[in-house]
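Here's the structure we're looking at; comments come further down.
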There are 2 protein chains.
Amino acid sequence: MPVRIIIADDHRIVREGLRHLLEKRTDFKVVAEAPDGESAVRLAKELSPDVVILDISMPGLNGIEATRRILAERPGVKVLALSMHSDRRFVIETLKAGASGYVLKDSAFDELARAIEVVMARGAFLSPAITEMVVRDYVTQAGVDDAAAFSVLTPREREVLQLMAEGESTKAIAGRLAVSVKTVETYRQQIMEKLDLHSVAELTKYAIREGLTEL
Amino acid sequence: MPVRIIIADDHRIVREGLRHLLEKRTDFKVVAEAPDGESAVRLAKELSPDVVILDISMPGLNGIEATRRILAERPGVKVLALSMHSDRRFVIETLKAGASGYVLKDSAFDELARAIEVVMARGAFLSPAITEMVVRDYVTQAGVDDAAAFSVLTPREREVLQLMAEGESTKAIAGRLAVSVKTVETYRQQIMEKLDLHSVAELTKYAIREGLTEL
DNA sequence: GCCGCACCCAGGGTTTTCCCCGATTTTGCG
DNA sequence: CGCAAAATCGGGGAAAACCCTGGGTGCGGC
């Protein structure tokens with residue numbers, strides 16, 4: 001019985017490439033592709049796959065938040081984060097969200113395949129570069145501050161901040177998150193309050209530094 | 001005789017995916033992969049391929065500059081830009097650099113394959129979304145302005161943009177430049193118009209890319 | 001001398017943000 | 001359970017941003 005996999009990445013051509021690589025192996029079966037976080041969560045709920053390969057930096061609902069939601073709905077699913085960032089905060093947040101592995105996009109495909117095997121065997125997999133970083137932090141007790149700084153904001157607040165930094169208006173964000181404009185305004189206020197940043201420009205820079213959005 | 005192709009993308013797993021998709025076709029042959037712009041230029045010079053598929057956003061030597069260098073060395077090579085941005089300025093600069101095609105990463109692989117066929121037949125290929133944009137600009141005569149606008153924000157406009165990106169309010173900018181608020185507003189409007197960016201978040205990102213402000 | 005362009009300013013309107021307040025419900029955790 | 005934090009929504013008002021239109025100056029080039 002093949003490993004049932006969902007691929008989530010915002011670039012179709014990347015999804016197709018991954019699918020082909022994965023399906024060269026008869027023990028892997030790609031059951032769905034998702035172009036964004038929302039779809040990934042929905043598909044994971046519907047299909048209960050074995051593994052979800054999640055691109056961390058996606059527009060809208062990002063990979064970290066998507067990881068949380070997927071695991072909230074389907075705790076048995078293994079989430080494999082696929083990222084181009086070896087940024088410490090990304091790694092910490094992703095793993096904290098419950099991902100079973102963190103693979104850099106700069107890895108060979110074989111590494112991803114190995115990661116799938118490992119997480120299916122209830123293990124955890126990190127790309128070597130990530131492992132090194134995590135180990136270094138682990139022994140030096142570092143990373144804690146970074147994590148704390150990052151999580152000043154609640155998941156929802158980060159989500160709103162990300163959309164703001166992507167240029168969406170309050171109204172648009174409200175629509176996307178299916179909440180009222182007033183709710184989004186409250187978040188914006190809390191974000192500004194917490195970060196002590198009072199312009200969209202500064203918030204955008206913060207979001208970029210934190211990896212919530214891309215340049 | 002197959003089409004000889006070089007793939008340049010900074011993510012190995014993406015390169016591998018593309019290679020596999022391309023090599024499913026017997027008439028395509030991937031002769032090399034490059035993880036960055038420099039390698040792409042060097043490999044293109046050494047191997048004189050038929051087509052170079054270039055990711056536009058690569059670290060170091062980016063796709064646009066790489067395109068220029070490749071064509072300077074090997075004018076016969078066809079450069080196909082592969083990009084995740086449908087950003088007007090990227091498109092204009094890339095095409096101006098001499099690329100034969102511009103394919104969005106969000107396209108199906110078949111579209112990329114078609115693009116290769118088209119450029120090999122001495123044609124030009126754009127993803128539909130890009131085509132639409134280019135056509136719209138073309139008929140409205142806008143593209144011309146925008147192309148110029150890439151570098152032709154006037155000094156004063158750049159100054160205003162920089163201050164905006166640093167988080168200053170319109171009023172603060174007016175005070176700093178010792179002009180009226182209305183004047184600054186006019187600049188802001190012209191900047192947004194020229195760059196086709198309509199949120200402070202996007203303007204900030206632009207300013208960072210242009211080196212007008214620091215992250 | 002006229003044209004284009006950068007620069008500067010303004011009126012008057014709509015929309016959005018920003019900030020103050022208060023409120024309820026849901027959820028995680030000891 | 002009970003408490004704190006998170007998430008949700010709302011009113012109301014001041015400020016700012018946004019949009020369109022117009023006009024005036026000076027300067028360099030054809």
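Toward the 5′ end of DNA chain D lies the nearest nucleotide of Lys194(A), the other residue of the pair Lys194(A) and Ser180(A) mapping further downstream.
Taking side-chain N and O atoms only, Tyr187(A) has a distance below 4.0 Å to OP1 or OP2 of dT8(D). The shortest distance between the side-chain N/O atoms of Lys171(A) and the OP1/OP2 oxygens of dT15(C) is not below 4.0 Å.
Judged by distance alone, the side chains of Glu185(B) and Gln189(B) never bring a donor and an acceptor atom under 3.5 Å apart. Of the N and O atoms on the side chains of Glu111(A) and Ser127(A), at least one donor lies less than 3.5 Å from an acceptor on the other residue.
Leu80(B) and Gly101(B) make their closest contact through CD2-CA, 3.5 Å (heavy atoms, listed as atom of the first residue, atom of the second, distance). Thr67(B) approaches Gly98(B) most closely through the heavy-atom pair CG2-C, 4.2 Å.
Taking atom CG of residue Leu153(B) and atom C1' of nucleotide dC7(C), one finds them 15 Å apart after rounding to whole Å. Distance CG (Leu197(B)) to P (dA17(D)): 17 Å, rounded to an integer number of Å. Regarding Gln190(A), its CD atom lies at a distance of 14 Å from the C1' atom of dC20(C), rounded to whole Å. We find that CD of Glu168(A) is positioned 16 Å from C1' of dT17(C), with the value rounded to whole Å. In this entry the distance linking CD1 of Ile173(A) with C1' of dC9(D) reads 17 Å, nearest Å. Atom CG in Leu177(A) sits about 12 Å away from atom C1' in dT8(D), given to the nearest Å.
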Per-nucleotide protein contact string for nucleotides 18-30 of chain D (B base, S sugar-phosphate only, - none; heavy atom under 4.0 Å)
BBB----------

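Fit an axis to the five pairs at each end of the helix from dG1(C)-dC30(D) to dG30(C)-dC1(D) and the two axes sit 50° apart, to the nearest 10 degrees.
Geometric assessment of Arg209(B) against the ring of Tyr206(B) yields a negative cation-pi assignment under the 6.0 Å and 45° thresholds.
Comparing dA6(C), dA16(D), dA7(D) by their closest approach to the side chain of Thr154(B) singles out dA6(C). Here dT8(D) is the nucleotide among dT8(D), dC7(C), dA10(C) with the atom lying nearest to any side-chain atom of Arg156(A).
Heavy atoms of Thr183(A) sit under 4.0 angstrom from at least one base atom.
Between the Asp36(A) side chain and the Ser39(A) main chain, a donor and an acceptor come within less than 3.5 Å of each other.
With rounding to the nearest 0.5 Å, the separation of CG in Leu18(B) from CD in Glu16(A) is 10.0 Å.
A salt bridge links Asp55(A) to Lys105(A): one of the charged nitrogens lies within less than 4.0 Å of a carboxylate oxygen.
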Please determine whether side chain to side chain donor-acceptor pair (under 3.5 Å) holds for the pair Thr186(B) and Thr183(B), giving the CA-CA distance in whole Å, both sets of side-chain angles, and the decisive distance to 0.1 Å.
CA-CA 5 Å; Thr186(B) 302; Thr183(B) 303; 5.9 Å; no

